[in-house]
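Notes to accompany the following structure.
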Amino acid sequence: MYTQEITRRHRAAFIIAIDRSGSMQELVHFGKTVLKKSEAVAYTANTLISELIDRCRRTDGMRNYYDMAVLGYCNDTVETLLDPAGFVSIDRLAARTPDTSVICSQHDSDDGKEILIAHTIKHWIEAKAEGNTPMYEAMLHVRDLVDAWCADPHNRESFPPVVINITDGEVSDCDDNELLDICSQIRRISTDDGDTLLFNIHISTDSTTPAMIFPSHRELVNAGQYARILAECSSEMPEAFNDAVRRKKGAGAEPPFCGMAYNANIVELLSILNIGSRSVTNME
């Protein structure tokens, strides 16, 4: 399980769900930068999309490895942000020319000095923060997209879909049990290679809990309510990924690991995709 190579014949599906509610106007420490949560989320999503596109570039052109969907949710509404149909193939997405901007981030050099590194960001989606947080409705849309993709006979043997929900966890349209139930439904949808992997990236203003990635239950003992619920909503990392997660987390890390990140920097966030689709599987 979770060993199918990602090829043009066996494509993979990525769905990013983005919280765009009013609470995302709050400021948060993201790495060494202070941003609005909405800006941190947009930066994360745009970088993830560009990363997926870059993985498909070859000297002879784009390899059509992925189907991609991005949903934004706020104001009791769920929007499809890349294509009205939901999924868009990666070659069609790569053919677009989105606006770009340059941002600078602080990094530590080998000699311990702080240096500024410029990054060019493509704006596949824009930051937005208004209204409430219809996460349950968003997860219903995710469930339907995942179910239709897995039901397609062309995808039956493929690596299972990867869903990434980026949020501050403040849900407005359901209680905890309802959210847990719909996320469980998503995780149970499968291809022949395994169940759907649901990751939650929690952006929080709480500075008392350290940033973490793929936490164990022990690491979440002192986390806030929203973080703990999102952890329960997330996939438990399959055994096939345990060695890769241990290498990421360091010595002493022991499974089971939760498919979640908490206030992690962008490099750590991208490692979710590396472990979810590259470390164990190959791309032909």
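These numbers were taken from a predicted model, which means no experiment stands behind them.
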Under a 4.5 Å cut-off applied to non-hydrogen side-chain atoms, are [X] and [Y] in contact?
X      : Y      : answer
Val41  : Arg20  : no
Asp91  : Cys56  : no
Met139 : Cys183 : yes
Arg187 : Thr196 : no
Met135 : Ile182 : no
His10  : Phe159 : no
Pro161 : Ile189 : no
Asn177 : Leu180 : yes

Heavy-atom pair with the smallest gap, counting every atom of [X] and [Y]:
X      : Y      : result
Ile53  : Ala94  : CG2-CB, 3.8 Å
Gly259 : Met237 : CA-SD, 3.9 Å
Asp195 : Ser190 : OD1-CB, 3.2 Å
Ser38  : Ala129 : CB-CB, 3.9 Å
Met260 : Ala227 : CE-O, 3.4 Å
Asn75  : Gly131 : OD1-CA, 2.9 Å

Excluding sequence neighbours, so at least two apart, what forms side-chain contact (heavy atoms from CB on, under 4.5 Å) with [X]?
X      : answer
Ser21  : Asp19, Ser23, Met24, Thr133
Pro160 : Tyr2, Thr191, Asp193
Ala42  : Asn46, Ile125, Ala127
Lys249 : Phe214, Glu219, Val245, Ala253, Phe257

Taking salt bridge (charged side-chain N to carboxylate O under 4.0 Å, His left out) as the definition, give me every residue that meets it alongside [X], ordered by chain and number, with sequence neighbours left out.
X      : answer
Arg188 : none
Glu126 : none
Asp60  : Arg63
Asp243 : Arg246

If I take atom [atom1] from residue [X] and atom [atom2] from residue [Y], how far apart are they, to the nearest 0.5 angstrom?
X      : Y      : atom1 : atom2 : value
Lys122 : Arg96  : NZ    : CZ    : 12.5 Å
Tyr262 : Ile203 : OH    : CD1   : 10.0 Å
Ser89  : Asn64  : OG    : CG    : 4.5 Å
Phe199 : Cys258 : CZ    : SG    : 9.5 Å
Ile186 : Asp181 : CD1   : CG    : 10.0 Å
Met212 : His202 : CE    : NE2   : 11.0 Å

Flag, side chain of Asn132 to backbone of Asp76, donor-acceptor distance under 3.5 Å
yes
Does Arg9 use its side chain to pair, donor to acceptor, with the backbone of Ile6 at less than 3.5 Å?
no
Pick out which of Val70, Ile90, Asp54 makes a side chain to side chain contact (heavy atoms under 4.5 Å, CB included) with Ile49.
Val70
Leu198 and its side chain to side chain contact (heavy atoms under 4.5 Å, CB included) partner, picked from Val163, Val162, Val142, Val146:
Val163
How far apart are the C-alpha atoms of Leu71 and Thr80, what are their side-chain angles, what is the distance that settles it, and do they pass the side chain to side chain contact (heavy atoms under 4.5 Å, CB included) test?
CA-CA 5 Å; Leu71 306 176; Thr80 54; 3.5 Å; yes
Using the six-membered ring wherever Trp is involved, compare the ring planes of Trp149 and Phe87 and label them parallel, tilted or perpendicular (cut-offs 30° and 60°).
tilted
Show your working on side chain to side chain contact (heavy atoms under 4.5 Å, CB included) between Leu93 and Trp124 and close with a plain yes or no.
CA-CA 9 Å; Leu93 188 58; Trp124 304 103; 3.9 Å; yes
Selection [range] - residue pairs positive for salt bridge (charged side-chain N to carboxylate O under 4.0 Å, His left out), sequence neighbours left out:
range            : value
residues 154-178 : Lys37-Asp168, Arg156-Asp192
residues 128-155 : Glu79-Lys128, Lys128-Glu130
residues 220-234 : none

Go through the side-chain N and O atoms of Asn200 and Tyr226 and say whether any donor and acceptor fall under 3.5 Å apart.
no
Might you confirm whether atom CD of Glu26 has over 12 heavy atoms from other residues, nucleotides or ligands at distances under 6.0 Å?
yes
Apply side chain to side chain contact (heavy atoms under 4.5 Å, CB included) to the pair Tyr73 and Thr167, showing each step before the final yes or no.
CA-CA 10 Å; Tyr73 53 96; Thr167 179; 3.6 Å; yes
Chi angles and distances behind the side chain to side chain contact (heavy atoms under 4.5 Å, CB included) call for Val28, Lys36
CA-CA 6 Å; Val28 65; Lys36 290 182 179 179; over 6 Å; no
Got a sec, which residues hit side-chain hydrogen bond (donor to acceptor under 3.5 Å, both in side chains) with Ser101, two or more places apart in sequence or on another chain?
His123
